[in-house]
Amino acid sequence: MKKLIKNGIVVTANHTCEADVLIEDEKILAIGKFDEENENYCEVYDVSGMFVMPGLIDPHTHMELQQSEEYISCDDFYTGTVAAAVGGTTTIIDHIGFGPKGCNLHYSIENYHKKAEKAVIDYGFHGVFQHVDEDIIKELEGIVKNEGVMSFKAYSTYAYKLGDSDMLRILEAMKKYNGLLTCHCENDEITNYLRAFYINKGDTDAIYHALSRPNQTESESVDTMINLAAIAGDAPLYIVHTSTSEALDRIRLARTRGQKNLYCETCTQYLVLDDTSYYKDGNQNGLKYIMAPPLRSKLDIEILWKGIEDGTVNVIATDHCPFMIKEKLNGDDNFTKAPGGAPGVEERVRIIFSEGVMKGRINLNQFVEVMSTNAAKIFGMYPQKGSLVIGTDADIVVIDPTKEETLSNDNTKSRCDYCAYEGMKVNAGIHLVFSRGNLIAKDNEFLGRRGGGRFINRKLIN
């Protein structure tokens, strides 16, 4: 079955040209100019004036995450991937949740394989560390080499925070086994001290969530992790959801000193929302933005955009981890009682295209880099994902730059009952979305099927 996407402007991380894209079954068959009248195409899509790009990748989501006994993120692998699909994302890599205390690495991975069977787009997992010993390190080797999960997450805070020596052991193993450590970087002792300090004073509103996690709690932890990676011989390290100018400074410095295997991610919310969200329109509205790290200043936003432009930031993800408003409001008398996380997998592409490309902060090729290609390369999926190379998966998104939309919970597919970007105007429409050659979304209408996604067996190539 052949399909033709014609008259579009094809954009990759390296090239921009007017061309048609020919799809056969699940693969890209050819890119060029084709005579529609002399061929028997089953489907033809005229996308004149629109941008045809590789399917976009969100490597940081939390679908149906069990955050605590009380809270589970409200999007599962069906509703969350439907939201991703209509928003132009054709691949996610989910940061899986913890298992019971003392469990091995396989426990949560196997649990998530079952959860993800209903996904509508292709997906992968980041494994998760809860403790480190010889058995865990041995188990890690087999998973990275043989089971398609080459990236794992460790936390410097929360219930299963790991200390410096454990982080170093993991980094050494990741370098040896050709894997990648992703890390949530916040100083655990200082954030817990400040949280208790404000609560004891009676400062319980949402803004104190941000004040208890100042910029330096992130940058100090980023600095520690970078140093540990250097001790491990430039072990591969990926800093998730970078939100501060100070953290970017540490990353730049490390790279100038020769660390080549250091990667930086930021998220949509840290590029368009600032810390005034915690008190604007009242405390109850501010609770919607309880997330870690918290929203930062307008200055941090501008510096992050400059970091994208100059290549310091490699990837823009979402950290999609939504909870319902009534759950957020449990923190009305104490911000620490609200679950942490917010929706965003559906809005990311339109926001970054509108705020980045349309406002001249980044060009089209940079957009593809940070929204797709870099993630595919870093996480062992390239060129099958993140490219428009002949013979690779026909994951394609078509963006209409002439369409204006206002983001609202009224027109989202996420199960979450609020939009973190309510009322924001964007100059971008997601016209067509193909997953392995199948049209799964058109103009905010989902056309795919439950269970249509496949697990991606990821492996780094030396």
Side-chain angles (χ1 to χ4, degrees), residues 13 25-28 53-64 76-78 80-85 87-96 105-106 108-128 140 142-153 174 177-182 236 238 240 263 265 314-315 317-318 320 345 348 368 371-389 391-397 433-438 440 448-462:
D25 297 325
E26 297 189 344
K27 304 296 181 181
I28 296 174
M53 299 177 173
L56 304 173
I57 299 169
D58 187 347
H60 191 157
T61 63
H62 294 281
M63 303 303 179
E64 52 193 290
D76 61 19
F77 275 89
Y78 176 70
T81 56
V82 168
T89 293
T90 58
T91 300
I92 63 166
I93 310 177
D94 201 76
H95 284 276
I96 66 179
L105 299 176
H106 277 97
S108 291
I109 293 173
E110 291 170 358
N111 183 28
Y112 270 71
H113 273 297
K114 296 174 184 176
K115 287 184 177 185
E117 289 177 353
K118 51 187 172 287
V120 306
I121 58 175
D122 291 354
Y123 59 90
F125 306 131
H126 304 286
V128 64
L140 175 67
I143 295 173
V144 169
K145 291 182 176 180
N146 304 315
E147 298 181 26
V149 179
M150 46 65 64
S151 53
F152 278 74
K153 190 173 189 178
M174 286 300 189
Y177 303 147
N178 206 26
L180 174 65
L181 177 64
T182 75
Y238 180 98
V240 302
Y263 308 102
E265 167 198 287
N314 305 103
V315 173
T318 63
H320 178 81
V345 74
R348 176 186 68 131
V368 173
M371 299 289 282
S372 181
T373 304
N374 284 349
K377 290 180 176 179
I378 292 167
F379 292 111
M381 300 182 289
Y382 188 83
Q384 208 61 36
K385 305 293 185 184
S387 79
L388 293 177
V389 174
T392 61
D393 288 349
D395 292 349
I396 297 170
V397 60
V433 182
F434 295 85
S435 174
R436 285 181 280 107
N438 299 301
I440 61 168
R449 65 178 180 85
R450 186 183 186 94
R454 293 179 185 170
F455 173 72
I456 307 165
N457 193 313
R458 299 179 297 116
K459 192 171 186 179
L460 289 179
I461 299 173
N462 287 323

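Only this structure's heavy atoms are used, side chains among them; waters, hydrogens and symmetry mates stay out. Predicted, not measured: the structure shown is a model, and the values here were computed from it.
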With no hydrogens and no angle check, is any side-chain donor or acceptor of R458 less than 3.5 Å from a backbone partner on F125?
yes
Look at the side chain of R436 and the backbone N and O of D122, then say whether any donor-acceptor pair between them is shorter than 3.5 Å.
no
Less than 4.5 Å apart, any side-chain heavy atom of K27 and any of Q384?
yes
Can you measure from CG (N438) to CD1 (I396) and round to the nearest 0.5 angstrom?
11.0 Å
Any heavy-atom pair between the side chains of T182 and H60 that's under 4.5 Å?
no
Check whether any side-chain heavy atom of V144 lies under 4.5 Å from a side-chain heavy atom of F152, and answer yes or no.
yes
Under a 4.5 Å cut-off applied to non-hydrogen side-chain atoms, are Y123 and T81 in contact?
no
Quick one, I57 and Y382 - any side-chain contact, counting heavy atoms below 4.5 Å?
no
Side-chain (H113) to main-chain (F455) donor-acceptor, under 3.5 angstrom:
no
Test item: K115 side-chain N/O and E64 main-chain N/O as donor-acceptor pair under 3.5 Å:
yes
Which value, rounded to the nearest 0.5 Å, describes the distance between I121 atom CD1 and I440 atom CD1?
6.5 Å
For the side chain of N178 and the backbone of L460, is there at least one donor-acceptor N/O pair under 3.5 Å apart?
yes
When rounded to the nearest 0.5 angstrom, what is the spacing between NE2 in H62 and CD1 in I96?
11.0 Å
Are I28 and L388 close enough that some pair of their side-chain heavy atoms sits under 4.5 Å apart?
yes
Do D393 side-chain atoms and D395 backbone N/O form a donor-acceptor pair below 3.5 Å?
no
Just verifying a value: how many Å separate M53 CE and T373 OG1, rounded to the nearest 0.5 Å?
10.0 Å
With side chains defined as the heavy atoms from C-beta onward, is the minimum distance between I456 and F379 less than 4.5 Å?
no
Answer yes or no: is there a donor N or O on one side and an acceptor on the other, between the side chain of K459 and the main chain of K145, under 3.5 Å?
yes
To the nearest 0.5 Å, what is the distance between CE (M150) and NE2 (H126)?
9.0 Å
Check: I92 and M63 side chains under 4.5 Å, non-hydrogen atoms
yes
To the nearest 0.5 Å, atom CG of L56 lies from atom OG1 of T89 at 6.0 Å
Centre of F77's six-membered ring, under 6.0 Å away, within 45 degrees of the axis: is that where NZ or CZ of K118 sits?
no
